[in-house]
Every structure is written in structure tokens, then in C-alpha cells.
Student: 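Below is one structure. I have some questions about it.
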Amino acid sequence: MARTMKFFLTTAIDFVNSRPHLGTAYEKITADVIARYRRLAGFDTHFLMGNDEHSQNVFRKAIEQGKDPLAYCDEMEQVFRDVWRRLDLSFDDFIRTTDQKRHKPAVQAMAQACLDNGDVYEGSYEGFYCVGCEAFKQEKDLVEGNCPIHNTKPQWIREKNWFFRLSKYQQPLLKHYEQHPTFIQPDIRRNEILRLVEGGLEDISMSRAGQSWGISVPFDPSSVVYVWFDALINYAAAVGYGWDDALFKKWWPANLHIVGKDITRFHCVIWPAMLMSAKVELPGQVFGHGWVYFKGERMSKTMGNIVDPLDAADRFGPDPLRLYLAKEIPYGGDGDFTWERFEEKYNADLANNLGNLVNRVASMTERYQGGRVAATGGGALAAIAAHSVAAYRTAMDVHALHDGAAAAFRLVSAANNYIAETQPWALAKDPSKAGQLNGALADTAEAVRIAAVLLSPIMPASSAEILRRLGDDRAQRDRRLDADTAWRTSGEKQILNTGALWPRIEADKGVVSVSDETPKAPEAPAAPAAPAVITIDDFMKAHLKVARILEAEKVPKSQRLLKLKVDAGEAEPRTILAGIAESYEPEALIGKSVVIVANLAPRKMMGQESNGMVLAASPEGGAAIVLNAEPATPGTRVR
RNA sequence: GCCGGAGUAGCUCAGCCGGUUAGAGCACGCGUCUCAUAAGCGCGGGGUCGGCAGUUCGAGUCUGCCCUCCGGCACCA
């Protein structure tokens, strides 16, 4: 046996300003499947997860709730860990970016290394700064030199900033992509990144001045490391970078970073550049997975349609959900979750096929042979098993989880077939065919055993239970893909007949049935609070009023902008640019009365100035719906 | 607007470098066994392979144009 290979994989660390939902759970579950597969395949595996805490949003969220930021993060860690536990995730390590012992020294070490190698320089961000807004203003946004919101003259200030020389790494990155074709996967993401980098890279700010929530820049204690720079380093920090060389040497480089497709650019461009700068080896692969939609709609933290992953996991255990996510969604692409489909797959794959198979084998073995079977040669079924195992490995080696799962289920089907062909119940009636009877049952049981081993990364608890019933109650860590998927031609099994693993979901019985109409219970107590409370005075700062649309036309070259001329009861019609071109034809809007924000700072977009904003309901990923103010007359105050 | 991806049976999808009657799973219908969770097994449905035009002896499979959908970029205060 060759020396043990290591496999270090990570998932994105999560912001803790809201609890995990199906979208984040999807990433962790699929990563967990991969981690478990690698362990099964004999790799010395290290699976890292964690939380990203140095975000201003997290800081704000904590303050809103009147909590100390760190205490808030502590609480959220428990919320996250609780969800992950219920999904049966087998992470080996969990890192937080507020970790003082591991993360802080790593971040500081890498910042220092980048500085030492000449890739960090002091620059300044300068511009008009409005004290009232606590923000820099673009010159184009100023009205007669004043901040349009506060009507005061902004100051010209320079904020010291540290920049990372990303531009220097354009060619090295392109070269790396070329030499390592699978560095970015799937190919769609790779193409995107290639084009992005080919288009040129700009240096980026890697520090923020005047903030306290973050890790201080080692060579400039008055600044903190910018959150993205901070966050990426978690992968190296967790395994010793900057604080334990031996540990780092053991695990680095990471073999696989699993991230959402929205942040592949950070992981495929900035992160490798940082590592090159710090003279650290690059990870083997970044895999950008897709989204899981819910009934075709994008999952989002702010949406009400959150399917708490625990809904499915709590009702049926984590495995049916895990199987659904791994098997029904080609890994790398987007997928959809609906309760109908979940139910359908649950009944077909688990109740009817696998569960029922386990049941009938156990039942017949018990009835005909007192629960015992003696292994035989196998024959046709053994050959099918071998094919399934091979297909499964091929798929799983390249993270084609859906194909891997399908391969395992082909073996399950073959076993069901085999029973129909051999008809053990008929053989049982003829004492002279006892040998054939045993052979049929033993072969079927052996096929089930192998299928369970294949499925163990996807459905760990269920597979363990099946294997236990088949007389293998070893710990999962003691199983190995090679040895345990080989057809056994000798030995006896004592099979337990202990009832259904997955009772069918019968919609019309209404007992365990679920449906899309299942009302969402209010979020659990740990749910984050509502947005910050404001006073009536705060609200009144916004001057909302009714305006009638006089003209509407598309803004050239813009995908979502419409240019509107509206009568807001003022002397002159005003021009407003609204991002609703995807939902409305210009003509359809003329004559409509809508609600606008009248005192919003003017702003230029696509070369044209907008004076105000049209209020619209804006579903995540959906079509905007402008608020209908008819029949109120233009100029009427809205409050 | 620019750049990518996709459009194959009701649903979810396979279909390398072009080649016999276009496939799988699920759902559905019929038949059938009875060990089993009214599960299993067998059979079936005849889908213009988004549209048009080309290349070719021959095209879901190549080329061009068009339509639709989805992503990325600009833009969405």
C-alpha cells in the first residue's frame, strides 16, 4: 500500500449576520459528501469550515441587538454549529476569523510577507468626505460642490490605505490557469475568470483606517486588514500558517476550496495572488458550486421563502435531504428544491427501492434461513456491482456527486431485479433448491452491502444502519472503498429484520406529508432581530410623494434603466432613472401614478442625471413592481 | 450593450472526435409475481432533438443567422 495521501478541503466561511439556510447548507453538505468520500477512499482527510466575523455587517448587527460583537459571534457560532450538527457534517475543524491564537497571527504573517516581498504599498484614498454621511463622495454626486444630502461642503481628505499589488499577478495567474487546467472548476467559472484576468487587474486596498472591528495591520496598527483579505486567509490559518509550521506543512496546500459561484473570483484571482506574493504554494482546485433555488426562486437571507434545511432534516433525518441535494442537482450547476420533488425522490429512491430492498432481503432471509446467509460466488450481480463501483469512483473523483449517487442506485435497482429473476419465494418451496435459495439471498445481500458502502458518504447514518443490519457494525472510519466494495465470496452474514428505514410519504394520509403550502413557522428564538428600529423623525426625512409618469423611455445600452419624466406636482417635471426596465415596457408606465423619493440626492447613471427614485417592490431575482399610487394626485405627500 | 452557458419525451437530465430504428430515471398507463413500505418486475408511450438556412453520402452531434432562458461585466440611489 502506498503512503497515505492527504486531502484538505474547505468551504467558504459564512457571515454570521443571519442563520444558515438551505443555500449555505447545500455547500456544506456537498463538501461533506466529498470529505467523507475521500476518507472512505483512504485519504488522510481534513475538512475545514468556519465563520467570517470581521464584517461591518456583523458588527452592525451586534450593535443593533445591543450586544458585544464578539459575544454575538459566540452566539452565532452555536447557531451554526447546531445546524451543521443536525445535517451530520463531519468537519474536522471549525475556524473563526476572530480566533486570536490561529487566525490573527496568520493574517498578520501573510500581510507582512506580502509587504516584505514588495507587494504592499502605502497609498491613500482621497476624495470628498462628508462628515454627515461618514462616507466618501464621488465628485459627480455633488451638487454645486455640496453634499446633496446634508447640503454641506464635504472635506477633501486623504485616508491612509495599504494596497496590494494585484496588478503584478496578471501574467503569473494566467500562466497558472494554463498549467493547471482544473484549478478552476467547473469550466464555466474557469472561462469567466480567464476573461476577467485577461482584461487586466487593478491593485486593491487591503486595509481600512479608523476601524476597530478587525485584525490590525502589523506594520500599521491604526488600520485593520480589510475583511476580504482577512477572510481568505482562514484556510491557511486553520492549518498553522504563521503559528505552526509543522502543522502547516502537513496539510497545505489545500486540495480543494469549495465556494459559491459568486465568490469564485476572490478564490481564483485574489487568493492565489496573495499566496504567490507570500511565497506559499497554491491550492489544487477551486470549485464554484451553483445555487439551490426554491421553487425556481433564489434563496436569500432576506426572503421569506427560506426553507430551513432543518425542516426536511428534522422530519426525515438529514440523509434524504443530503441525497436529494447530491443526487438531483448536477454538481456545479444550479438546482431547484421543491417539496413535491423531494417527496417524489424520497419515495422512489428510498422507500420503494433501497428501503424496500433492505426490508425484503431481511424478511426473506429471516423467514427462509433463520436470518443467516452464506456468501457465494456472485455471478451476474457481482459483475454489475463491479461496474457500479467503477462508475461511482470515476464520478466521485471529479466531484460528480450526482453521477456517483446514480451509480450506487443502479446497483440497488440491479439487486431488486435479481430478486425478481431468482424468485427466492419459489426456491423456498423446494427443499432441493436450498443452495440456490441461499445463493440468491446472499448475492442480493452482498449487493446491498456494497451499495450501502458507496452511499455512505452521502447518507452516513442510513448507510451505517443498513450495514449494521447486514452484520457489519464497524465504525465508518474503518471502512475502505477498495476492500469494502469488493465482492465477498466467503463468510456468513447474520441479517437483522428490523423494519422500514424510510416509510413512504403518503400525501393523502396527511400524516407525514409535506407540501409547498407548509406555512413557515416564525423563525426560532435565535433568529436575528428585525432591521434597526427608526423613529418617525427618521422616517420623515424621506420625502415621499406621488408622481405621475409623463414620459418613459429606455436608457440606451442599459439593461434595467428606464428614463422617466414625472409630474410630482412641482413647477417642472423631473427626470428620474429607475431600474425597472426588466419588468416594464416604457409605454405601459405612461400615465401611471407612482411613489417617489423626492429629496434623494441627484445621481448620475449611464451618463444621465436622476433626480429621485421610484419605489418598487423588488423581489430577490424577481420582477420589480412599482407602487401604485392611483388615484392620488401628483405631489401628494406619502407617509 | 458586451462576454459566456443552455434550449433533447409531462418532469430532471445523458447523449466523446457527425453515422444502424434518439436514451436513462421519475411520473403516467397496462400486465404480472407475492419476499417486501399497495413496494418489486415486465411492457408501453412514438419527443419536428428551440427555429431557419447551410456543409456533408449522412447532423441533437459541424457552420451561419434568429428566438427564448440563465449566468458574468457595465448599469440597477
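Every value quoted in this text rests on a predicted model; they were computed, and no experiment measured them. Chain identifiers are assigned alphabetically (A, B, ...) following the order of the sequence lines, protein sequences preceding nucleic acid strands; residue numbering begins at 1 within each chain.
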Student: Please work out if A/Asn416 contacts a base, only the sugar-phosphate, or nothing of the nucleic acid, heavy-atom cut-off 4.0 Å.
Tutor: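 Sugar-phosphate, backbone atoms only, no base.
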Student: At less than 4.0 Å, is any side-chain N or O atom of A/Arg367 found next to OP1 or OP2 of B/rA36? Yes or no.
Tutor: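 Yes, within the criterion.
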Student: What nucleotide among B/rU37, B/rG71, B/rC26 has an atom nearest to a side-chain atom of A/Lys261?
Tutor: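 Among the listed nucleotides, the one closest to the side chain of A/Lys261 is B/rG71.
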Student: Strictly by Watson-Crick or wobble contacts shorter than 3.5 Å, is anything paired with B/rG60, and which nucleotide is it?
Tutor: none
Student: At 4.0 Å (heavy atoms only), tell me whether A/Ala348 reaches a base, stays on the sugar-phosphate, or touches nothing.
Tutor: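 Contact class for A/Ala348: sugar-phosphate only.
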Student: Side chain of A/Lys345: nearest nucleotide among B/rG4, B/rG25, B/rC35?
Tutor: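 The closest nucleotide is B/rG25.
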Student: Please state the P separation for the pair B/rC41 and B/rG25 - nearest whole angstrom.
Tutor: 10 Å
Student: When you get a sec, tell me which of B/rU34, B/rA36, B/rG5 is the closest nucleotide to the side chain of A/Arg360?
Tutor: B/rA36
Student: Would you mind reading off the distance between A/Leu564 atom CG and B/rC76 atom P, rounded to a whole angstrom?
Tutor: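 Value for this atom pair: 15 Å.
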Student: Measuring from the side chain of A/Leu501 (C-beta onward, heavy atoms only), which nucleotide among B/rU37, B/rA36, B/rG5 has the closest atom?
Tutor: B/rU37
Student: Considering only the P atoms, how many Å lie between B/rG71 and B/rG29, rounded to the nearest integer?
Tutor: 36 Å
Student: Would you indicate which nucleotide in B/rA27, B/rA39, B/rC35 comes nearest to any side-chain atom of A/Tyr368?
Tutor: B/rC35
Student: With a 4.0 Å cut-off on N to O distance, would you call A/Lys493 and A/Glu446 a salt bridge?
Tutor: yes
Student: Looking at the side chain of A/Asn356, which of B/rC11, B/rC73, B/rG40 is the nearest nucleotide?
Tutor: B/rG40
Student: Could you work out the separation of B/rA53 and B/rG58 based on their P atoms and round it to a whole Å?
Tutor: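 Between the two P atoms, the distance is 16 Å.
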Student: Check the orientation of A/Phe342 and A/Phe337. Use parallel for under 30°, tilted for 30 to 60°, and perpendicular for over 60°.
Tutor: tilted
Student: When the distance from CD of A/Glu344 to P of B/rG10 is rounded to whole Å, what number comes out?
Tutor: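 From A/Glu344 CD to B/rG10 P: 15 Å.
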Student: B/rC49 and B/rU21: how far apart are their P atoms, nearest whole angstrom?
Tutor: 15 Å
Student: As a test of reading the structure: which of B/rU34, B/rU37, B/rG4 is closest to the side chain of A/Asn359, going by heavy atoms?
Tutor: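 The closest nucleotide is B/rU37.
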Student: Hey, can you tell me if A/Phe183 and A/Tyr177 have their rings parallel, tilted or perpendicular (30° and 60° cut-offs)?
Tutor: parallel
Student: Start at the 5' end of RNA chain B and walk down; is the nucleotide closest to A/Leu357 or to A/Lys429 reached first?
Tutor: A/Lys429
Student: When rounded to the nearest Å, what value does the distance between P atoms of B/rC66 and B/rG1 take?
Tutor: 11 Å
Student: May I ask you to say whether A/Asp349 pairs ionically with A/Lys327, meaning some side-chain N is under 4.0 Å from a carboxylate O?
Tutor: yes
Student: Do the charged groups of A/Arg195 and A/Glu198 touch, with an N to O distance under 4.0 Å?
Tutor: no
Student: When you measure from the side chain of A/Arg189, which nucleotide among B/rC73, B/rU37, B/rG71 comes out closest?
Tutor: B/rG71
Student: Please determine, for B/rG4, whether a Watson-Crick or G-U wobble partner exists with both distances under 3.5 Å, and give it or none.
Tutor: B/rC70
Student: Map A/Trp502 and A/Asn417 onto RNA chain B by nearest heavy atom, then report which one ends up closer to the 5' terminus.
Tutor: A/Trp502
Student: Roughly how far apart are A/His543 NE2 and A/Ile596 CD1, rounded to 0.5 Å?
Tutor: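 Answer rounded to 0.5 Å: 8.5 Å.
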Student: What's the gap between B/rG18 and B/rC26 when it is taken at their P atoms, as a whole Å value?
Tutor: 33 Å
Student: Using purine N1 to pyrimidine N3 plus N6-O4 or O6-N4 for Watson-Crick, or N1-O2 and O6-N3 for G-U wobble, each under 3.5 Å, what pairs with B/rU55?
Tutor: none
Student: Would you say a side-chain N or O of A/Arg504 is under 4.0 Å from OP1 or OP2 of B/rA39?
Tutor: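 Yes, A/Arg504 has a side-chain N/O under 4.0 Å of OP1/OP2 on B/rA39.
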Student: B/rU12, B/rG40, B/rA36: which one has an atom nearest the side-chain heavy atoms of A/Arg341?
Tutor: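 Closest nucleotide among those given: B/rU12.
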Student: Quote, to the nearest angstrom, the P distance that separates B/rG72 from B/rC62.
Tutor: 26 Å
Student: When you compare the side chain of A/Asn352 with that of A/Arg504, does any pair of heavy atoms fall below 4.5 Å?
Tutor: yes
Student: Rounding to an integer number of Å, can you tell me how far A/Asp336 CG sits from B/rC70 C1'?
Tutor: 13 Å
Student: When rounded to the nearest Å, what value does the distance between C1' atoms of B/rG10 and B/rG45 take?
Tutor: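 Here B/rG10 and B/rG45 have their C1' atoms 11 Å from each other.
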Student: For the side chain of A/Ala420, starting at C-beta, report the closest nucleotide among B/rU34, B/rC41, B/rG5.
Tutor: B/rC41
Student: With syn defined as a glycosidic torsion within 90 degrees of 0 and anti otherwise, which applies to B/rG60?
Tutor: syn
